[in-house]
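Below, read A as the first sequence line, B as the second, and so on, with proteins coming before strands; counting in each chain starts at 1. Note: hydrogens, waters and symmetry copies are ignored here, and every other heavy atom, side chains too, is used.
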Amino acid sequence: MTDFFYLIPISIILGLLGLLVFLWTLRNGQYDDLDGASERLLYEDDRPRNDARP
Amino acid sequence: MSCCVPPAAFVESLAGGPNRGPSDNEVRLASRALGDGLRQSEFSVPSIHCGACIRTIETALDSMPGIVSSRVNLSGKRVTVRWRDGESPPPMVHRMVELGYEPNIFSLEQAGRDSSFTGLVRALAVAAFCSMNIMMFSGSVWAGADGPTRDLLHWICAALTLPALLYSGRVFYQSAWGALRSGRTNMDVPVTIGIVMAFTLSVYDTGVSGEQVYFDAVASLIFFLLIGRTLDHAMRERARNAVKGLARLAPTGALVIDEVHGPAFMPLAEIAPGSMIAVAIGERIPLDGEVVTGLSALDKSLLTGESLAEPVGPGQPVPAGALNVSGALTIRSTADETGSTLSRLVTLLEDAEAGRNRYRRISDRAAAWYSPVVHLAAAMAFLGWMIANGDLHNAATIAIAVLIITCPCALGLAVPMVQVMAARRLFEAGIMVRDGAALERLAEIDTVIFDKTGTLTTGLAAPIASSGSVEALTMAASLAARSRHPYSLAIARSFRSAPDVAWTDVEEKPGLGIEARYKGHLYRLGRASWSSPAEAGDASTVFSRDGVSLAAFTFADQFRPHAAESVKTLLDEKLRVEILSGDRAALVEGIGAKLGIAGRGSLLPEDKFHRIEELEAAGHRVLMVGDGLNDTPAMARAHASMAPGSAIDIGRNAADLVFMKNDLNAIPMAIAIARDANKLVRQNLALALLYNAVALPVAIAGFVNPFLAAIAMSASSVVVVANALRLGWRPLVRNEAVSDLQDQTA
């Protein structure tokens, strides 16, 4: 029964973490250009470019 | 995806010379200051289509001095450039035009719509988090937790519902409030009432250690409904406004030659009729007028759809918007800005776009009678139970169960899910859809009207060499590449090959052709009577050496692939098909006869517009397929509209659907997919109603508990989604049989 009291917060916190990571990727513009991302894979060098993000 | 062939440099001059794209001033005005002397510009570049395009543009732009960084967005076909603010912006527009990617300014107000989509996704993510965690705890309750454990789990659920209720639910409250304020009701009104009341009652029940709470229903309702809303929104492209594009097409000013004050560049609004205006090669005629001096050819394709440049000389009228192709002209204006051909088109287009916005979506129509029924049922259940046993709490619980179980989850998913599937199928076939409403309208049409030039036909004059050796043709092409006349460009395009000839003394003779010297001989390419006066043939254009004909060309517009076949398919579908064209009547009728349909020629944009109005007034639903400016008002007026990808910007903006492949089969295919989608939408609505018809009596009778509500709600949504996915099952039906008429020259 007492397991409950830390398992519940843990599960919620883990879920929250996932949500926050998703919101971060959204804000970071990682879904802005899904087509482009799949094409860039073929053309880009491994070192990061100096990107202009909107 | 197929890869792009880097276009040769001269082809870019085809549509209007080196000054295409926004000017430096426009670029600066539309750019955003980032601080530290940096500015950011966004361009919309429709011709970006593959990974190689990304690389080409980014490499070229990044190597330019003054540019800090650039990034291409392939999905949005946009380029973002950061540049250091100097005296003038780096010539990035020019560079992109050179590469064959013509940029348009991507204004910030257009970008604004994207952020509302991001907001929706964020709300969806929060709702997903809340509803899934609540489901986890509700599962424990259903599994038999009771006493203080159940109460604790209920309180946790209540806390987890709050973000969904307060943050994600706003979308619905705003929409419901907007509807109520204007005296209407929509689907969001019962949703809002349902979730707010269910939450309130559940909190009360939790407080008194009740057994049944609806937190899971509240959160998953918000989640499911938001999925529908997000899908619907994803279909919608940025707001496109054809009118604005049209206005931008007109030159902002003109060089007025005034005998008293000398030449001055004046804004159009200040130029009075009767002013003398100089129009250089490659410029558009700024105002309606007549030619005073100069010989040239005018490309009126934007206005009339006529593909072949028309020679003009002194005394002849010239319309605003026509492109001056081959010689400098001086014109006397006959109208001021408001009376000009272009501004008449703008007015017409504004009227048409206003009319278009009155269309009511199928989901709105369903909501209009659905939501009163739901309210009524909930109210009746409440009253009935109050009368039956007078238990306020019991009556309220049942009324809320009715609201929840009839909540239009399935209805909310029924339409957008199908339309997203349809849009995906269309996309695979190279057809872009503007939004879901466009699909609904396309499914309803019974008449198809084609423009001729550029729509039924390719719009590019294709040269046919009627005589001449391969060498002569190659030489002609190399000479033709030095001219900007559409005919020359067509020849250069068709017969181009290395090596280039070292021409000297190249001179373009307006109205006649182009001449040059090579190894002591005089070569001419142009009008037959000028190029080789001695031998008058029936060829329109002759390439000659010292007056002796080496090669002769005739020009013809060609049908797009599968023109005849797709017209036949449309006729088989019992659709009425017509051609409305600005081109010569005899020509249009001839083409109509070849395709077996009626054709009307010599129509002004207004005439097309009125013809469509006439048909719509007679109860027909018209699909207008066109590409030029002259079709734009008609396209905006028609029930639905399509444009080829080669259409001008404004044409594409006015169109509901744009087909990217050259092939006219896109039209019957789009109609077929739209009709399939429509059928599925109706099936889905019927399924959703059926579910309600079953669930409603059960809910009113008071047999619904939270567990049942959750199962019923999810099940109905899954059924509707699964039905929508059926649209993807059947393979694309494409008739590959090549009709005899195909590719025949018009």
Self-check item: Contact class of A:S11 relative to chain B, heavy atoms under 4.5 angstrom
Solution: both
Quiz item: When rounded to the nearest 0.5 angstrom, what is the spacing between SG in B:C130 and CG in A:L16?
Solution: 9.0 Å
Exercise. Measure the spacing between CD of A:E39 and CG of B:L74 and express it to the nearest 0.5 Å.
Key: 6.0 Å
Quiz item: Given that the side chain runs from C-beta out, which part of B:M132 has a heavy atom under 4.5 Å from chain A: side chain, backbone, both or neither?
Solution: neither
Quiz item: Which bit of B:L34 is near chain A, if near means a heavy-atom gap under 4.5 Å: side chain, backbone, both or neither?
Solution: neither
So [Y] and [X], do their side chains get closer than 4.5 Å, heavy atoms only?
X: A:Y31; Y: B:V121; value: no
X: B:R122; Y: A:L19; value: no
X: A:F22; Y: B:V126; value: no

Exercise. Over all heavy atoms of both residues, which pair between B:N133 and A:I12 is shortest? Give the atoms and the distance, please.
Key: OD1-CA, 4.5 Å
Exercise. Any chance you could lay out the side-chain contact (heavy atoms from CB on, under 4.5 Å) test for B:V72 and A:R40, step after step, and finish with the verdict?
Key: CA-CA 10 Å; B:V72 172; A:R40 278 174 197 279; 4.0 Å; yes
